Each structure stands twice: as structure tokens, then as C-alpha cells.
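What follows is a single structure, written as C-alpha cells, with notes after it.
Quantities reported herein were computed from a predicted structural model and do not represent experimental measurements. Quick note: numbers below take in every heavy atom, side chains included, and nothing from hydrogens, waters or symmetry partners. In what follows, every chain begins at residue 1, and chains take the letters A, B, ... in the order their sequences are listed.
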Amino acid sequence: MTRYHRTSDAGGASTRTPFTAAEEAARDITDAEFTAAAPTKNWEAEMLVTDTDLPRYVEDIWDVHGSPNDRTQKLLDDKKALRAARP
Amino acid sequence: MSTTKVQGDMIDVDGATVAVVAAGDKFNFLDISDSLVKEDTVQGILDLGGGGWQFVSLVTASDDATVAFTGLESGYDHLVTISEYLPATDNAEFDFVVGITGPTYRTSLYIGVTSVQATSGSDNGVSTDNMRISTGQSNAAGEELTGNLFISGAADAGTETHMEYIGQGQSNASLQCATIACFMYTTPEAHTAIKFAANTGNMATGEFRLYKRANA
């Protein structure tokens with residue numbers, strides 16, 4: 001599918017022009033790179049969410065001294081499971 | 001006793017035909033310091049006070065790979081407001097670059113920091129080949145990105161171009177994100193163009209408004 005530039009010039013006129021063949025080829029490469037990296041990037045975003053309830057330094061403390069209760073133990077287990085699922 | 005004369009066309013008379021003010025409309029004012037009637041546009045009056053923001057143009061992205069403005073002017077600071085932006089690809093980064101007349105867009109020599117504070121955790125990005133507005137934006141309806149990008153002296157040849165961005169969006173994990181970023185192009189040159197793009201895929205939607213304000 002053709003990609004397009006949408007440009008507003010000095011007079012405010014808007015034009016839509018197709019990518020050149022070279023631009024299409026370059027963009028195909030960057031899109032393929034993004035697709036290849038997407039699983040890892042999505043995993044990183046999911047890991048980031050877990051940091052609110054269980055920051056890494058707390059996880060390290062609980063690993064040594066044990067978590068306080070069942071709820072916190074579940075947080076710990078879930079985070080370790082997600083970390084183990086890294087693509 | 002002195003008499004002050006007022007022109008009839010300055011008075012808003014009940015029942016008169018009402019029309020919306022257009023950019024080129026001129027208005028008369030009585031200057032009591034010299035008793036002369038002065039005439040100017042609304043923008044001309046705003047400029048006397050050090051300059052107000054003046055709308056330049058609107059570009060609406062609709063499955064476009066890039067959106068660009070090529071009319072940045074010397075002697076002005078610029079503001080780009082972004083609203084309703086969604087990438088076509090989930091979690092795509094959102095970047096921009098500046099360019100010189102041609103346009104020829106620069107792909108190096110940037111320095112900047114993008115700080116993203118989310119409802120859970122934070123993310124920071126540093127890039128030298130472009131300037132990053134979002135480190136990962138959702139493509140889901142209802143999670144649109146909005147923000148304001150201020151560009152200082154872009155088209156002034158003798159100064160480095162500085163830019164600051166404040167905005168909000170949502171990550172693909174549906175985290176509300178607040179973004180503060182600052183950028184600079186490290187070599188003084190006249191940047192007359194600016195181009196926005198996701199780092200992959202198209203921009204599904206987005207409204208980009210360019211404003212300018214005299215800086216001299």
C-alpha cells in the first residue's frame with residue numbers, strides 16, 4: 001500500500017504526495033525492524049505496569065526475607081512469571 | 001466645555017446586522033491622546049503588545065506516513081498543537097525532525113530528553129537522530145495523544161533551534177502518560193520545515209495546527 005506525505009506549505013495549502021520508491025524501501029526496513037522488536041517492547045510495557053505495586057528493590061527484599069502475606073506473594077509470583085515470559 | 005465626537009460606525013446598535021470578525025477586518029478606534037481615529041486589524045493590535053499567536057494552518061492526518069509544515073518563518077517563534085493523534089500501529093513511537101529549505105530534513109545532530117511519567121512507572125528516551133514526542137502510543141480509539149510543541153526561533157539562521165513539548169497520551173498497556181520533553185538542534189541554521197511521523201506505520205488520525213508569534 002502506498003504511503004503518503006501530507007504537507008502544509010508557507011501559504012497554508014495542504015498537499016498529499018506519495019512516497020518515492022526509495023522512501024518506500026527505507027520505510028519497509030524500519031517497519032520490519034519494529035515488527036521484529038514489538039513483542040519485546042510490549043513485554044517491557046507490561047513489566048513497567050508491575051513496578052507500581054512491586055518495585056524491583058522491594059522484590060529483592062522479599063526474595064531474601066519473604067513477602068508479608070498471600071497478596072504480596074501473588075504479586076511477587078506474577079511478576080516473576082511475567083519476567084520469565086520475556087520474548 | 002470640550003466636545004468629544006464619536007463616529008457612528010463605532011457603536012454597536014441593537015438590531016444591527018451581526019457578522020463574525022474575519023482576519024483581514026479593520027477597526028477604527030478614537031485615540032484620545034491626539035484625537036485621531038486609528039485603524040488596524042485585530043492581529044495588528046495584538047502585535048503591538050509584543051505579539052500574539054497567529055494561526056497559520058491546519059493539517060489533518062488521515063492514514064498518512066508523515067505530516068509536515070514547510071512555512072516556518074524567520075523572526076517568529078512557532079507553536080504546533082497536536083490533538084486526536086493515533087498511530088495506525090499499536091505502541092509506535094511518535095517523532096519529529098526539522099529541516100532546511102528544500103525541504104531537507106535533518107537526521108542527526110539533535111540532543112534532547114523525553115520524560116514520560118505514567119500512572120505506573122516512568123520511561124525516558126534520549127535520541128540524536130530525531131526528537132521523540134512519545135516512546136510508545138496506543139492506537140486505540142479513546143486513547144488519543146494531545147500536546148503542544150513550542151519552537152523557538154526555528155528559521156533564524158544564527159541561532160540553534162530549541163523546542164519544548166508538553167503533552168499526554170496512553171501507552172499500549174492503557175497507561176495514562178504525561179510527557180515533558182526538550183530538544184535542540186546543535187548547529188545554528190535556518191529551519192523552515194518540521195515533519196512528524198510514527199516510527200512505524202501511518203498516522204491514523206491527528207490534527208496539527210501551526211501558529212506563529214513575532215520574536216523580535
Mind checking whether [X] and [Y] have side chains closer than 4.5 Å, heavy atoms only?
X: A/R16; Y: B/D64; value: yes
X: A/N42; Y: B/N91; value: yes
X: A/Y4; Y: B/N202; value: no
X: B/T89; Y: A/F34; value: yes

Residue selection (most heavy-atom pairs with chain A, distance under 4.5 Å) from [options]:
options: B/A61, B/A193, B/S171, B/S62; answer: B/S62
options: B/V56, B/N199, B/V67; answer: B/N199
options: B/P103, B/A197, B/A198; answer: B/A198

Looking at A/E46, A/E23, A/K41, A/E33, which has the largest count of heavy-atom pairs under 4.5 Å with chain B?
->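 Option with the top pair count is A/K41.
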Short side-chain to backbone donor-acceptor contact, [X] and [Y], under 3.5 Å:
X: A/R6; Y: B/T60; result: yes
X: A/D31; Y: B/G201; result: yes
X: A/R3; Y: B/D63; result: no

Is it the backbone or the side chain of B/E93 that comes under 4.5 Å from a heavy atom of chain A, or both, or neither?
->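 B/E93 touches chain A through backbone and side-chain heavy atoms alike.
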What part of B/D90 is in contact with chain A, defined as an atom under 4.5 angstrom from a non-hydrogen atom: side chain, backbone, both or neither?
->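 Just its backbone gets close to chain A.
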In this structure, are over 12 heavy atoms from other groups packed under 6.0 Å from [X] atom [atom1]?
X: A/K74; atom1: NZ; answer: no
X: A/D70; atom1: CG; answer: no
X: B/L58; atom1: CG; answer: yes

Taking all heavy atoms of [X] and all of [Y], pick out the closest pair and write down the distance.
X: B/T70; Y: A/D9; answer: OG1-CA, 3.1 Å
X: A/G12; Y: B/S57; answer: CA-CB, 3.7 Å
X: B/T66; Y: A/H5; answer: OG1-ND1, 2.6 Å

Could you grab the distance from atom CZ of B/F208 to atom OG of A/S14, nearest 0.5 Å is fine?
->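 These two atoms lie 11.5 Å from each other.
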Out of curiosity, B/T135 OG1 to A/L48 CG, how far, rounded to the nearest 0.5 Å?
->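 Rounded to the nearest 0.5 Å, the OG1-CG separation comes to 9.0 Å.
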